[in-house]
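Handing you a structure now.
Just so it is clear: chains get the letters A, B, ... in the order the sequence lines come, proteins before strands, and each one is counted from 1.
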There are 2 protein chains.
Amino acid sequence: MNDLEQKCIDAGLKMTGQRRAILEVLESADDHPSVETVYLRSKARDASVSIATVYRTLNLLDQMNLVKKHDFNENHARFETNLENHHHFIDVHTGEVVEFKDEALDGRLRQIAKDLGFDLVDRRVELYGHRKQQGNDDE
Amino acid sequence: MNDLEQKCIDAGLKMTGQRRAILEVLESADDHPSVETVYLRSKARDASVSIATVYRTLNLLDQMNLVKKHDFNENHARFETNLENHHHFIDVHTGEVVEFKDEALDGRLRQIAKDLGFDLVDRRVELYGHRKQQGNDDE
DNA sequence: GTACATGCAAATGCTTTGCCCGCGA
DNA sequence: TCGCGGGCAAAGCATTTGCATGTAC
């Protein structure tokens, strides 16, 4: 049994076949899958999974803080299970999402919130761009 | 004639009554209005403005980089005309949006992009929280 | 006059939900 | 058993778009 599954059981959720499939997909994902992607991967494990259940389950997990919802300026949500504090760099050409951590950045953000007189409950830092290359031909 | 209006004319856009109303609304806005809000304010100036035109105009201006589109984790877009580089702090209780600038933060973001080997074309930094207070009773 | 703009309503695309059946504990 | 969970399809909501008409230049 994986970690997410255990946490869901601890939270009192019933462990159905569909949920197990979805949780396994999330547990093994090292990317930032869309709902559609989670749906397709889950359906490969359990054909009875419906998109409605995927939405319901992902929202449930998001509320329980077991996954994090993003949108990356797209027209659909993406989810990730990496709950460690980190930020994202999105390649605007390929859609690739690169995760990074930066203590100096985090410290500065905390200081800014403090200076503004706010308690920080969440932060969103997304950098958009593309891989640097010699003779870049689109600018 | 306001600044936005001049820029639109320079860009070859026809200056219709509806566009003028919308541009005036944007020019005088010092907040981050939603499409609906821009629509209502514009309609007060020119009753013939339709929501479709507001959407079309805002998207046009966004592509021309005359306004900036945000979403602040809501289910609808918001727009702002402040094009200076700055970031946002969103009060999760009141919805209030506070703008701030921070050179140290910007420098760190540039350095991170450089270290990752990326060219930066856009960035999104949003802090979420609420005003600090003595005897805060919800945590 | 002509190409561009607009209003209206229908269409879209993602997401949510009502309803009723099925299944986990 | 009993109440939570799920499938299906309809509804919701923000946004976009086709089409016919209107209008800036």
*Of all of residues 57-76 of chain B, which get a heavy atom below 4.0 angstrom from DNA chain D, listed by number?*
B:N59, B:N75, B:H76
*How about A:R45 and A:V25: do any of their side-chain heavy atoms sit closer than 4.5 Å?*
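A side-chain contact under 4.5 Å exists here.
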_Nucleotide nearest A:V35 when distance is taken to its side chain, options C:dT6, C:dA9, C:dT15_ = C:dT15
*Taking for each residue the nucleotide of DNA chain D with the nearest heavy atom, is it B:K14 or A:G12 whose nucleotide lies nearer the 5' end?*
A:G12
_Please confirm whether the shortest side-chain N or O distance from B:Y55 to OP1 or OP2 of D:dT16 is below 4.0 Å._
no
_I want to check something: taking the side chain as every heavy atom from C-beta on, are A:E24 and A:R41 in contact at a cut-off of under 4.5 Å?_
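Sidechains of A:R41 and A:E24: no contact.
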*Tell me: CZ of A:F79 to C1' of C:dT15, nearest whole Å?*
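Answer to the nearest Å: 10 Å.
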*CE of B:M64 to CG of B:N59: how many Å apart, nearest 0.5 Å?*
12.5 Å
_By the 4.0 Å heavy-atom rule, please label A:I51 as base, sugar-phosphate, or nothing._
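The residue A:I51 makes no contact with any strand.
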*Angle class for the A:H87/A:F100 ring planes (parallel below 30°, perpendicular above 60°, tilted otherwise)?*
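Because their plane-to-plane angle lies in the 30° to 60° range, the rings of A:H87 and A:F100 count as tilted.
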_Does D:dG6 have OP1 or OP2 under 4.0 Å away from a side-chain N or O of A:T16?_
yes
_Has B:E27 got a side-chain atom pairing as donor or acceptor with B:L4's backbone, closer than 3.5 angstrom?_
yes
*Can a side chain N or O of A:R19 be found less than 4.0 Å away from OP1 or OP2 on D:dG5?*
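Checking A:R19 against D:dG5: at least one side-chain N or O falls below 4.0 Å of OP1 or OP2.
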*Would you indicate which nucleotide in C:dT6, D:dA9, D:dG6 comes nearest to any side-chain atom of A:R56?*
D:dG6
*asked:* Going by side chain to side chain contact (heavy atoms under 4.5 Å, CB included), name the residues that satisfy it together with B:A52, two or more places apart in sequence or in a different chain.
replied: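 Only B:S50, B:R56 meet the side chain to side chain contact (heavy atoms under 4.5 Å, CB included) criterion with B:A52.
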